[in-house]
Amino acid sequence: MTRISIDKVRNIGISAHIDSGKTTLSERILFYTNKIHKIEEVKGKSGVGATMDFMDLEREKGITIQSAATYCEWKDYQVNLIDTPGHVDFTIEVERALRVLDGAILVLCSVAGVQSQSITVDRQMKRYKVPRMCFINKMDRAGANPFRGLKMLREKLGHNAHFITYPIGAEDQFKGIVDLVTMKAMYFDGDNGETIRIEEIPADILGEAQKYRETLIAAVGEFDDNVGLKYIEGQDVSIDELRAAIRKATMSLEFTPVIMGSAYKNKGVQVVLDAVTYYLPAPGEKENIALDQNANEAKIVLKSDAKAPFVGLAFKLDEGRYGQLTYMRIYQGTIQKGDFIFNSTNDRKVKIPRLVHMHADEMNDILEAQAGDIVALFGVDCASGDTFTDGTHKVTMTSMFVPNAVISLAIAPKDKAGTANFSKALNKFTKEDPTLRVHRDEESAQTIISGMGELHLEIYCERIKREYACEVVVGKPQVAFRETITKRSTFNYTHKKQTGGSGQYGRVAGFIEPLPADAVAQFEFVDEVVGGSIPREFISACEKGFVEAVKEGRLIGFPIVGVRVTIDDGASHAVDSSEQAFKTASLMAFREAYENAGAAILEPIMKLESSAPEEFQGSVIGQINQRRGVILNSSTNEGFCVIEAEVPLNDMFGYSTDIRSATQGKGEFTMEFAKYSIVPRNLQDEMVKKHQEKRAKEGK
């Protein structure tokens, strides 16, 4: 492939709520850029499935589970594209893609508009400061309304969003779009919309198109003085001036250009590709920061320069049959097949045996890659989030945000013969996916897997069975409860033990109190000891004792969060005091204070968005109420009702079956973690009683 200059490279991702048409849009992009020669649908009759959904499970379920990377050429630009999952259970795939991308396309459904997962991916784009454009898809569907989508972008997501195209018709009358920059009508002819016919704007919508163009010019004039001045003076703005102003506005992160179309009906996708090249940044136009490990983590701005010292970030791992595939974004410098590179995280030197460009699951070998490229390295052992350099400097890049797990399952191989494969599978999956955690429960001797939701864990259980030929037995899902305190409580504990020879002595005094609700840390240790009542060398031992104490609560055995421990007094013995004595004293002091601190159980509360035809609204609300849900909002649109609620995760098992049976299979829902909340008193008493009975049975 001919080397394209870095200002003609675009690294973009496609993100959206589940079932908004991301993969369908990706498939059309690959078709129009001649990367594929036949369009396949997500749930096509051929059974082949879309190019970017290459896993068997993705094709069966009709959803994207893993983000998939590809590259293509449009006009004289190279576009590196990552298609991400829409389901909240696979949110880490969106996190890591957005961490390394320069721009993004937010896809909305023209009927539903902004949905719960649209809000989540928008939050992720803002977290990584990714400039975005919006594509309002499914304009051919009954109830399509891009104006409502634009309004929701502004109201629900707070975007300064403006149309840069205008629809010609809607629903079954959707014919094409008006480009508000060139003020021409565009129609997409041929079997697959590959022939673009440009005509004058139909007279019946010319006035509206002019009005929206005026609004667009006024909006981008805020970011470009030249366009702003021309707008005020009533002068005409040229096509190039308007494009430059839209680009400047989009890259400021304060403006979102909006295009509409129908990926499924092959209308408007080429306009999206043009907009990517016009308005989203090249790799050198987005600031990327690294931390210099030799200069006290001083911030360095990386240059997108092929001649600068090499820096790359491993953002995704894929453990295949023939070894580990490491996806890497190159921020600075050049690497070649056979080069040695250094892992800044563990100081290991590794050789690059194979360098490839990924096209979904196909590997295309290349000899070198430069700043701005997204490539994959075969046979390089590392962890997700590791930074690589050429060894001339030691810098690290910040990794992606990893959300906490909210649900756990006990899992075991069905027969002992599968134990080796079972362990291999779990090792592979935990390395690939930072949101999947595995630990062994010492009390029950069970293997526990924790993740983002029922579907997340279900997919991994299925993958163990298919990819490793290992049948698994799954226990009842376990919610990640927490314990906390609700009031201040003092302690004054003396640990005294006398045996032959030197004994143990340590006294600690102070108090525990709840942390403020907005505190970032879950545990704080405050040392207010004065006058040497506890010698300085034993303060860290006290902290260790308290840290040990919060690992397991006294109510139901879950970790204790939201606690500040302050020690302000104590006593020591010249001979008998030791680290162990103060650690034990602190552990016992915490337990003593915890009894009087109003201990409470916290449960994860999920943000639920359920949608169903209007006639089932009562049933859906009734089901949410039965599950201790709190309805936050209810709206209807085009015969469908959308109910937003907060519901305890512990009451949500089996909900997918219930909502389908109550709505004749037409109901859908999405759910994501919102916060932790105190369990009602009657339920808490019941949970404590069960925990005590369990411990009594185990003889503890």
Expected output: side-chain T387 to main-chain M397 donor-acceptor under 3.5 Å: yes

Whether F429 and Y468 hold their rings parallel, tilted or perpendicular, with breakpoints at 30° and 60°: perpendicular

4.5 Å side-chain heavy-atom contact, P648 and V679: no

Main-chain N/O of N343 paired with D386 side-chain donor or acceptor, under 3.5 Å: no

side-chain hydrogen bond (donor to acceptor under 3.5 Å, both in side chains) partner of D658, chosen from Q623, R627, Q626: R627

Centroid separation F511 to F491 less than 6.0 Å: no

Distance (rounded to the nearest 0.5 Å) between I512 CD1 and S489 OG: 5.0 Å

K299/D292 ion pair, N-O < 4.0 Å: no

Under 3.5 Å donor-acceptor, E483 side chain and G557 backbone: yes

Side-chain donor/acceptor of S423 to backbone N/O of T419, under 3.5 Å: yes

Side-chain donor-acceptor pair present, T584, Q580, cut-off under 3.5 Å: yes

With S677, the side chain to side chain contact (heavy atoms under 4.5 Å, CB included) member among L602, V630, I605: I605

Pairwise distance CD1(I464) to CZ(F422) - rounded to 0.5 angstrom: 5.5 Å

N346 CG to D381 CG distance, which is reported to the nearest 0.5 Å: 8.5 Å

Check ion pair K544-E548 (N to O, under 4.0 angstrom): no

Sidechain-backbone polar pair: E646 side chain, M606 backbone, donor-acceptor under 3.5 Å: no

Donor-acceptor under 3.5 Å (S15 side chain, L106 main chain): no

Side-chain (R99) to main-chain (T398) donor-acceptor, under 3.5 angstrom: yes

Test: E467 and K428 ion pair at under 4.0 Å: yes

Basic-acidic side-chain contact under 4.0 Å: D685, K689: no

Backbone N/O of F388 and side chain of S344: donor-acceptor pair under 3.5 Å: no

Interatomic distance, R482 atom CZ to Q522 atom CD [nearest 0.5 angstrom]: 8.0 Å

Approximate separation, where rounding is to 0.5 Å, of Q692 CD and R554 CZ: 10.5 Å

Carboxylate-amine/guanidinium proximity below 4.0 Å for E595 and K487: no

Plane angle bin for Y460 and H456 - parallel if under 30°, tilted between 30 and 60°, otherwise perpendicular: perpendicular

Flag, side chain of T326 to backbone of V380, donor-acceptor distance under 3.5 Å: yes

Interatomic spacing from NZ in K316 to CD1 in I92 - rounded to 0.5 Å: 10.5 Å

Check: V565 main-chain N/O paired with E513 side-chain donor or acceptor under 3.5 Å: no

Sole residue of K497, H495, H573 in side-chain hydrogen bond (donor to acceptor under 3.5 Å, both in side chains) with Q504: H495

T484 and Y676 side chains, donor-acceptor separation under 3.5 Å: no

Ring geometry between F538 and F582 (parallel below 30°, tilted from 30 to 60°, perpendicular above 60°): parallel

Carboxylate-amine/guanidinium contact D122 R132, below 4.0 Å: yes

Salt bridge flag under 4.0 Å for residues R591 and E552: no

